Amino acid sequence: VTPLQRRCGWLLRAYPRWYRRGRGGEILGTLLEATPPGRTWPSWRDARALFFGGLRVRGGWTWLLSVLWTVTGAAGAGYFFLASTQPYQDDWEVIPAWIPLGATGAYIGAVTLSFALWVLLPLPVMIAGLVRLIDRDLRLVAWAGPWVAGFALMYLAYNWGNYPSADLTYTCAHESCSLNFGEPSVVSWGELGICAAWLVLAAVMTRILALRPARGQDVPGRWEARPQSLTSGDLQP
Amino acid sequence: MREPTYFVLASLLDGPLHGYAIIQRTAALSAGRVQLATGTLYTALDRLAAAGHVELVREEIVNGRARRTYGLTASGAGALRAEASRMAEAARLVTNPGHRAKAGGPARKANPA
């Protein structure tokens, strides 16, 4: 295996496995033929086309947004958990170290953007997924189920957590309150477990989008259904 | 129909071709203007196959990898002809003033005021 073949193989991972099984060898062969001799890396143009080609087969922008949401959620859950292990830094800082005192603008921007994405993406992703799977009954149920479960988990997490309310914020800032400043107390282990469960559900939803279409509906499947096309003995050019 | 799709179909007019041959033929037919990336070619082939415009003609193994040869279907040839006619009609509006007048009537002059 040459370095070029190996790198082209990496690029092909943009396509889902079921598609690579059907057409990976063919695409790789064409890619190697189309790459000028002496090159050890595929061109940027080929890399970009394979990325978007793989994305289209996997489920297009719906899938990409679903991945983005899952990754943002995973990063956010980890971040909040780490933040929750830090003590309160100030009476006014109700969520400890969410954005630490003295944070740079870029830091604040990154945290805020990630949080905004995580909050704003679910609805469009859910709707896009429903539209995409609308004619596939079982998958539609499989898609909708985790969403319902996910929102239920979030509701439970909200109610189980000791998120301070606005009134409590005021009380804590001016009088004694139940929050123990200096103690990590916002995100509990239970909530972290719920976050992890929701992320697993998000990963399941993302996977559902990239599943192979019903046999015979996708292009490689249609061709696999024609065994005479696959016997090449008498079909040499 | 997008230009790469048009040229992929046009490249199959003279007979079935495999992937790399389609890329070469497309570049030749478009005088180098349409340079298909491999990913773009297979995206187009998938779409055209799903629409019934292209079909698998044969498959062979070359260097241990599948090499498939694709051919134009009757539906694909029809779609290509329809697109060619549409473009020719659109081109005549520019290249043939008589055709323009016949199609849309004389253009109204802009009011100088």
Side-chain angles (χ1 to χ4, degrees), chain A residues 1-2 4-5 8-9 11-15 19-36 42-58 60 213 216-237, chain B residues 2-5 7-9 11-12 14-30 32-73 75-76:
Chain A
V1 178
T2 64
L4 178 65
Q5 284 176 318
C8 289
L11 288 177
L12 280 177
R13 290 187 172 273
Y15 291 87
Y19 189 90
R20 287 202 305 271
R21 266 202 298 268
R23 303 197 80 180
E26 181 192 4
I27 295 177
L28 181 60
T30 304
L31 192 57
L32 293 173
E33 279 184 290
T35 305
S43 68
W44 164 246
R45 214 167 59 88
D46 273 326
R48 194 184 51 188
L50 286 176
F51 173 77
F52 284 110
L55 177 66
R56 184 193 58 81
V57 175
R58 281 184 188 273
Q217 295 301 305
D218 61 311
V219 169
R222 256 202 303 278
W223 291 338
E224 282 166 19
R226 296 175 50 187
Q228 72 275 15
S229 304
L230 299 174
T231 53
S232 57
D234 56 346
L235 292 171
Q236 298 293 328
Chain B
R2 292 173 60 218
E3 193 177 32
T5 309
F7 276 102
V8 167
L9 287 176
S11 71
L12 298 173
D14 294 331
L17 294 173
H18 59 77
Y20 181 52
I22 295 174
I23 292 176
Q24 288 181 307
R25 184 80 179 134
T26 297
L29 288 177
S30 64
R33 203 175 65 253
V34 177
Q35 300 278 350
L36 287 174
T38 305
T40 311
L41 169 71
Y42 284 98
T43 298
L45 283 176
D46 284 352
R47 203 167 38 231
L48 289 169
H53 293 342
V54 159
E55 64 180 352
L56 179 67
V57 174
R58 66 173 169 266
E59 175 170 320
E60 56 196 312
I61 303 298
V62 177
N63 294 331
R65 281 186 285 271
R67 172 184 271 180
R68 294 190 174 102
T69 300
Y70 304 91
L72 200 59
T73 62
S75 152

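The model shown is predicted, which means the values in this text are computed figures rather than measured ones.
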query: Hey, what do you get for CD1 (A:I27) to OG1 (B:T43), rounding to the nearest 0.5 Å?
result: 8.0 Å

- prompt: Side chain, backbone, both or neither: which part of A:L12 has an atom under 4.5 Å from a heavy atom of chain B?
  reply: neither

query: Is B:R65 paired with A:E33 through a side-chain N to carboxylate O contact shorter than 4.0 Å?
result: no

- request: Determine which pairs satisfy side-chain hydrogen bond (donor to acceptor under 3.5 Å, both in side chains) with at least one residue from residues 45-54 of chain A, sequence neighbours left out, and list them in order.
  value: A:S43-A:D46

field: Any residue meeting ring pair (Phe, Tyr, Trp, His ring centres under 6.0 Å) with A:Y15, in chain and number order, not counting sequence neighbours
entry: A:Y19

statement: When the 4.5 angstrom heavy-atom criterion is applied to B:L36 and chain A, the contacting part is backbone

NE2 on B:H18 to CD on A:E26, rounded to 0.5 Å: 10.5 Å

task: With sequence neighbours left out, write down each residue that passes side-chain hydrogen bond (donor to acceptor under 3.5 Å, both in side chains) with A:T30, or none if nothing qualifies.
output: B:Y42

field: Closest non-hydrogen atom pair, B:G39 against A:L50
entry: CA-CD2, 3.8 Å

message: Only heavy atoms, only distances under 4.5 angstrom. Which residues in residues 23-30 of chain B are near chain A?
response: B:I23

